[in-house]
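So you know, we letter chains A, B, ... as the sequences are listed, proteins then strands, and number each from 1. Atoms considered below: every heavy atom in the structure, side chains included; atoms not considered: hydrogens, waters and symmetry mates.
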Amino acid sequence: MANSKLRVRFAPSPTGQLHLGGARTALFNWLFAKHHNGSFLVRIEDTDTLRSKDKFTEQICQSMKWLGLDWDDELIFQSKRTDLYLAAIQTLLESGQAYRCFASKDELDSYRSKDGSFFYPEIWRNRSENEIQAKLDNKSPFTIRLKTPKEGIVSFSDEIYGSIKVDNSEIDDFIIARSDGRPVYNLVVVVDDHDMEISHIIRGEDHVANTLKQIYIYEALNYSIPIFAHLPMILGADKKRLSKRHGATGVQTYQDLGYTSDVLLNHLALLGWNPGTEQDIFSVDDIIAQFDIKRVQKKSAVFNIQKLNWISAQHIMILPSNSIYNHIKQLNPSWGSNFDTPYVLNVINLLKQRSKTIVDFIDSSHYFFNNPNQFDKKTMRKCWKPDTTTQIIESLLIELNRLSEWNSTSIEGIIKKYAEENKILIGKIIQPTRLAISGVSGGPSLFSIMELLGMKVCISRLNYAINHFPIIESDNNGS
RNA sequence: GGUCCGUUCGUCUAGUGGUUAGGACUCCAGGUUUUCAUCCUGGCAACAGGAGUUCGAUUCUCCUACGGACUACCA
């Protein structure tokens with residue numbers, strides 16, 4: 001159902017790269033917008049001048065683009081909208097819903113240490129005009145606080161958590177403008193969300209307390225209150241809120257690690273949401289079609305890398321090879337660059353089933369492009385016996401040289417025949433051959449590898465092996 | 001400390017006033033396979049605890065415990 005009035009936003013602070021938690025918040029906003037045909041905006045909350053950096057804005061945008069979370073309209077920067085905030089503060093001041101507080105930080109600290117309460121003692125809540133004017137004449141610095149109601153309750157109906165209510169007496173007269181005049185977060189957010197005509201505010205559960213405060217501002221400014229949905233947190237393995245301490249938490253990191261954006265989105269979506277079916281591999285379109293904010297979990301979820309790996313492997317298995325090729329080239333533009341496309345696609349086909357990430361393709365494909373220059377030591381010790389193996393491979397080489405047609409079937413035929421005739425276990429031939437051809441002990445079908453590599457390359461690698469194997473490290477027992 | 005929120009296998013979760021509480025990941029055991037992986041079969045493993053409502057609670061209510069978030073002149 002089309003709904004052009006539905007507008008959501010993602011509002012990151014540019015104080016670091018886009019992390020998993022932020023990406024999940026962005027994703028759920030984006031999914032909600034896409035599902036309902038609404039708009040998705042991005043607002044950069046860069047009013048913390050000390051910590052905000054342009055490079056982080058760029059990196060966040062880059063990660064969003066990589067994820068495919070495209071936004072509508074231009075980016076909105078809070079740092080450029082100060083006038084709007086100051087006007088709102090002025091309105092509040094004039095209507096008597098906000099007031100100047102001349103208490104110094106030290107003064108407030110002493111109150112706090114005295115009664116152990118963090119609550120603002122409301123010492124400037126009801127002062128006479130004269131007192132205030134005297135301070136003003138004195139050029140005393142002041143903050144501006146919201147005059148919040150003290151009786152009754154504040155409440156709102158959360159799309160995910162249901163009804164949340166708190167006693168008004170629990171919330172103190174919080175600051176909306178600093179003593180240097182700069183507006184504070186809770187005020188700014190409300191003004192922006194109203195100005196941007198945001199209909200649904202979807203953000204992390206850590207904002208629930210802010211929501212209550214913001215409702216006061218909405219009411220004081222006579223704004224209509226949007227619908228709120230608070231998302232459960234994403235946790236690390238220790239069940240603490242995901243942070244740098246948990247290692248890889250940046251979207252960029254996962255990109256570098258070789259996960260595709262679809263994979264990350266699939267996993268992130270499942271952290272706190274599911275369609276109620278047993279499906280767990282989704283395309284982005286699947287998720288958009290099935291997404292329902294009402295089915296979002298209340299409970300926070302632990303980020304699990306093993307599930308991510310499995311999802312990644314599943315995606316790779318169904319991804320077309322040319323698409324995988326593009327992903328690989330994004331990570332490593334020179335990969336396979338000296339080989340023609342059909343060859344490279346064949347390499348991908350062979351590796352597909354045993355690759356969990358895009359990086360796996362890169363890591364396990366060297367021998368398709370170069371002669372191996374390292375050989376797995378353990379396998380060398382295990383499968384290449386100085387005299388016998390060399391002899392076997394030598395005679396096999398003669399057979400292979402005679403092959404008129406070079407393909408996996410004919411190669412397999414030759415090797416099997418040779419094994420049978422000489423009463424050798426086929427593994428005794430295949431293992432050393434694989435080592436000579438690829439340098440490693442595992443991988444795709446040896447016959448397929450050989451077919452793809454071509455006769456010349458295989459013969460030359462086997463010749464090398466005959467002349468140099470076994471390569472034994474001098475510093476170990478060699479058994 | 002206060003306020004708010006949460007609690008189904010180790011993890012992600014489905015689910016219902018009466019179910020053998022289901023699936024997925026991980027792990028384990030088999031099978032397939034030249035290897036690795038895939039794949040197939042099987043297995044381990046959960047309703048935090050206590051009251052109450054009820055013929056019957058994992059499901060509804062309350063309490064406790066535990067966990068988390070918030071509690072700035074940060075955002």
**Student:** Nearest of B/C36, B/G6, B/G15 to any side-chain atom of A/R354?
**Tutor:** B/C36
**Student:** Under 4.0 Å between a side-chain N/O of A/Q314 and OP1 or OP2 of B/A24, yes or no?
**Tutor:** no
**Student:** Does A/R24 qualify as a cation-pi partner of A/F28, given the criterion of NZ or CZ under 6.0 Å from the six-membered ring centre and within 45 degrees of its axis?
**Tutor:** yes
**Student:** Nearest to the side chain of A/K356, heavy atoms from C-beta on, is which of B/U38, B/U13, B/U35?
**Tutor:** B/U38
**Student:** Would you kindly give the CG-to-P distance between A/N186 and B/C70, to the nearest whole Å?
**Tutor:** 13 Å
**Student:** In whole Å, measure the gap between the C1' atoms of B/G17 and B/U13 for me.
**Tutor:** 22 Å
**Student:** Mark up nucleotides 43-48 of chain B, 5' to 3', with B wherever a protein heavy atom is under 4.0 angstrom from a base atom, S wherever such an atom reaches only the sugar-phosphate, and - elsewhere.
**Tutor:** ------
**Student:** Report which part of the nucleic acid A/E170 touches: base, sugar-phosphate, or nothing (heavy-atom distance under 4.0 Å, all strands).
**Tutor:** sugar-phosphate
**Student:** Return the nearest nucleotide to the side chain of A/Q297; candidates are B/A75, B/A14, B/C12.
**Tutor:** B/A14
**Student:** If you only use heavy atoms from C-beta on, which nucleotide in B/G22, B/G68, B/U34 is closest to the side chain of A/R434?
**Tutor:** B/U34
**Student:** With nearest nucleotide decided by heavy atoms, which residue, A/Q306 or A/V166, maps closer to the 5′ end of RNA chain B?
**Tutor:** A/V166
**Student:** C1' atom, B/A29 versus B/U16: distance in rounded Å?
**Tutor:** 34 Å
**Student:** Would you measure the distance from the P atom in B/C40 across to the matching atom in B/U32 and give it in whole Å?
**Tutor:** 16 Å
**Student:** Return yes if the base of B/A75 and the side-chain atoms of A/N210 contain a donor-acceptor N/O pair under 3.5 Å, otherwise no.
**Tutor:** yes
**Student:** Go through B/C73, B/A24, B/U35 for me and flag the one nearest to the A/D280 side chain.
**Tutor:** B/A24
**Student:** Please state the C1' separation for the pair B/A75 and B/G23 - nearest whole angstrom.
**Tutor:** 40 Å
**Student:** Are A/Q97 and A/Y216 close enough that a side-chain donor and a side-chain acceptor fall under 3.5 Å?
**Tutor:** no
**Student:** In whole angstrom, give me the gap between the P atoms of B/G15 and B/C60.
**Tutor:** 13 Å
**Student:** Using the P atom in both, what is the distance from B/C27 to B/C63, to the nearest Å?
**Tutor:** 42 Å
**Student:** What's the closest nucleotide to the side chain of A/W310 if the choices are B/C12, B/C73, B/U26?
**Tutor:** B/U26
**Student:** Looking at RNA chain B, which of residues 439-452 of chain A put a heavy atom within less than 4.0 Å of it?
**Tutor:** A/S441, A/G442, A/G443, A/P444, A/S445, A/L446, A/F447
**Student:** Contacts to RNA chain B from residues 230-242 of chain A, heavy-atom cutoff under 4.0 Å, which residues?
**Tutor:** A/K239, A/K240, A/R241
**Student:** Reckon A/S13 touches a base, only the sugar-phosphate, or nothing at all at heavy-atom distances under 4.0 Å?
**Tutor:** sugar-phosphate
**Student:** Would you please confirm or rule out a distance under 4.0 Å between OP1 or OP2 of B/A14 and any side-chain N or O of A/N274?
**Tutor:** yes
